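The block underneath contains the structure these notes are about, expressed in structure tokens.
No experiment lies behind these values; they were computed from the predicted model shown.
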Amino acid sequence: MPEIDFNSDVGEGFSLYQAGDDAAVLPHITSANIACGFHAGDSRTMRQTVALAARLGVAVGAHPGFQDLQGFGRRLMELSEDEVYELVVYQVGALMGFTRAAGVALKHVKPHGALYNFAATHRGTAQAICRAVKDIDPGLILFGLCGSELTQAATDCGLKVAHEVFADRTYQQDGTLTPRGQPGAMIDNVTVAVDQVLNMLHRGEVRSTQGTWVPVRAETLCIHGDQPGAAAFARSIRQALLDEGVVIRSPV
């Protein structure tokens with residue numbers, strides 16, 4: 001019977017600013033990627049999101065990104081590998097403090113935004129991220145774009161890996177995500193999203209914007225919590241998976 005993890009990027013508000021409706025999204029997912037204060041999130045939001053995920057039985061993970069509140073971590077920053085290592089350790093350590101205080105296990109790490117996308121193709125950055133995760137806790141699972149430099153670097157250093165695919169993003173023929181600045185980068189039609197998800201699960205492929213079929217390895221499925229209508233997307237996708245007999249659970 002096919003199975004998959006269902007994750008979402010959450011906890012991305014800070015102070016008076018809110019991004020997405022975490023309380024409406026979390027009941028439909030199995031893993032939560034919680035912002036750690038650099039691209040979004042703050043101490044109160046982190047604490048509250050950890051607590052909500054714990055109450056709902058959702059696995060908690062850290063979602064570190066570039067230190068870029070104004071750009072929501074979606075702008076590339078030129079950092080050395082040491083600087084990437086340090087920003088990952090800093091952010092994962094911050095969230096780990098809240099998980100330990102709440103008596104909750106930290107299960108995984110998934111880089112955010114521009115850091116995630118750059119690490120998908122840049123070996124040095126991918127290695128720095130994986131080295132940081134392993135030094136913090138070698139039992140943590142690394143979430144990364146399937147078939148990317150990031151997942152390869154995680155495998156090479158002995159980390160557990162969850163190959164990630166996306167319900168609400170389109171793909172390029174090289175397997176990377178369509179850059180957000182390009183037309184059609186986001187999928188805002190739930191029927192199209194469900195069709196893409198089922199193709200990735202059953203065929204092991206996704207259709208690129210160029211019309212070619214790209215092989216994928218679908219172990220964890222992401223929906224962005226800050227997207228308009230994210231809760232309705234999450235609910236519809238979860239139901240479609242259940243209707244297909246797919247087991248939805250967090251990685252071991």
Side-chain angles (χ1 to χ4, degrees), residues 1-11 20-34 49-63 99 104-111 116 133 137 139-148 150-151 154-155 159-171 175 177 187 189-207 213-225 227 229-252:
M1 186 175 295
E3 63 180 62
I4 196 167
D5 176 47
F6 192 15
N7 78 74
S8 185
D9 306 338
V10 295
D21 187 353
D22 294 346
V25 171
L26 280 163
H28 305 294
I29 64 173
T30 47
S31 292
N33 319 312
I34 300 177
T49 309
V50 167
L52 180 56
R55 286 200 299 272
L56 294 170
V58 176
V60 173
H63 195 40
T99 60
V104 175
L106 185 68
K107 293 290 190 179
H108 66 273
V109 175
K110 173 189 169 181
Y116 179 99
V133 172
D137 181 355
L140 290 169
I141 303 168
L142 192 286
F143 284 20
L145 184 68
C146 67
S148 67
L150 182 55
T151 53
T155 299
L159 285 172
K160 298 177 183 177
V161 180
H163 289 262
E164 186 173 38
V165 294
F166 290 80
D168 55 7
R169 296 291 303 276
T170 59
Y171 285 76
L177 301 176
I187 298 174
N189 182 306
V190 69
T191 301
V192 174
V194 167
D195 184 61
Q196 174 162 294
V197 169
L198 295 181
N199 275 322
M200 291 190 290
L201 268 176
H202 295 316
R203 296 181 49 153
E205 295 179 311
V206 63
R207 187 184 289 276
W213 286 97
V214 180
V216 293
R217 183 173 174 181
E219 295 177 342
T220 184
L221 170 69
C222 178
I223 181 171
H224 289 88
Q227 166 173 305
F233 254 62
R235 182 173 58 251
S236 297
I237 290 169
R238 181 183 180 88
Q239 190 58 54
L241 292 171
L242 293 174
D243 289 346
E244 291 284 321
V246 178
V247 175
I248 307 172
R249 62 183 176 194
S250 60
V252 176

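In this structure, F166 and H224 have parallel ring planes: the angle between them is below the 30° cut-off, well short of the 60° mark.
In terms of heavy atoms, F6 sits closest to I29 at O-CB, 3.3 Å. What you find for L145 and G175 is that their closest heavy atoms are CD2-O, 3.7 Å. Nearest heavy-atom pair, R249 versus E3, reported as atom, atom and distance to 0.1 Å: NH2-OE1, 2.6 Å. Nearest approach of T99 to V60, heavy atoms of both residues: CG2-CG1, 3.9 Å. Considering every non-hydrogen atom in both P111 and L150, the closest pair reads CG-CD2, 4.0 Å. Pairing each heavy atom of I4 with each of E219, the nearest pair is CG1-O, 3.5 Å.
Counting only heavy atoms from C-beta outward, the side chains of V165 and V206 never approach each other to under 4.5 Å. Two residues are said to be in side-chain contact when any heavy atoms from C-beta on lie closer than 4.5 Å; R207 and N199 fail this criterion. L106 places none of its side-chain heavy atoms less than 4.5 Å from the side chain of D137. Residues L221 and I237 meet the side-chain proximity criterion, which asks for heavy atoms closer than 4.5 Å. By the 4.5 Å heavy-atom criterion applied to side chains, H108 and N33 are counted as neighbours. Within the 4.5 Å cutoff, the side chain of C222 has heavy atoms near those of the D9 side chain.
To the nearest 0.5 Å, the span separating CG on D5 from CD1 on I248 amounts to 9.5 Å. Expressed to the nearest 0.5 Å, how far CG of L142 lies from CG of L159 amounts to 6.0 Å. Taking CD1 of I223 as the start and CG of D168 as the end, the distance is 5.5 Å to the nearest 0.5 Å. For the atom pair S148 OG and R217 CZ, the distance stands at 11.5 Å (nearest 0.5 Å). To the nearest 0.5 Å, the span separating CG on L201 from CD on E244 amounts to 8.5 Å. Note that CG of L52 and CG of L26 are 5.0 Å apart. Values are rounded to the nearest 0.5 Å.
Between H28 and F233, the distance separating the two ring centers is not shorter than 6.0 angstrom.
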Inset, instruction - Give the C-alpha distance, both sets of side-chain angles, the deciding distance and a yes or no for side-chain contact (heavy atoms from CB on, under 4.5 Å) between F143 and T220. - result: CA-CA 8 Å; F143 284 20; T220 184; 3.7 Å; yes

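When the shell of 6.0 Å around NZ of K107 is examined, it contains 12 or fewer heavy atoms from other residues, nucleotides or ligands.
No side-chain N or O of S31 forms a donor-acceptor pair with one of N7 less than 3.5 Å apart.
Residue pairs meeting the salt bridge (Lys or Arg N to Asp or Glu O under 4.0 Å) criterion with at least one partner in residues 191-206, sequence neighbours excluded, are R203-E205.
Scored by the ring pair (Phe, Tyr, Trp, His ring centres under 6.0 Å) test, H163 finds no partners at all (sequence neighbours excluded).
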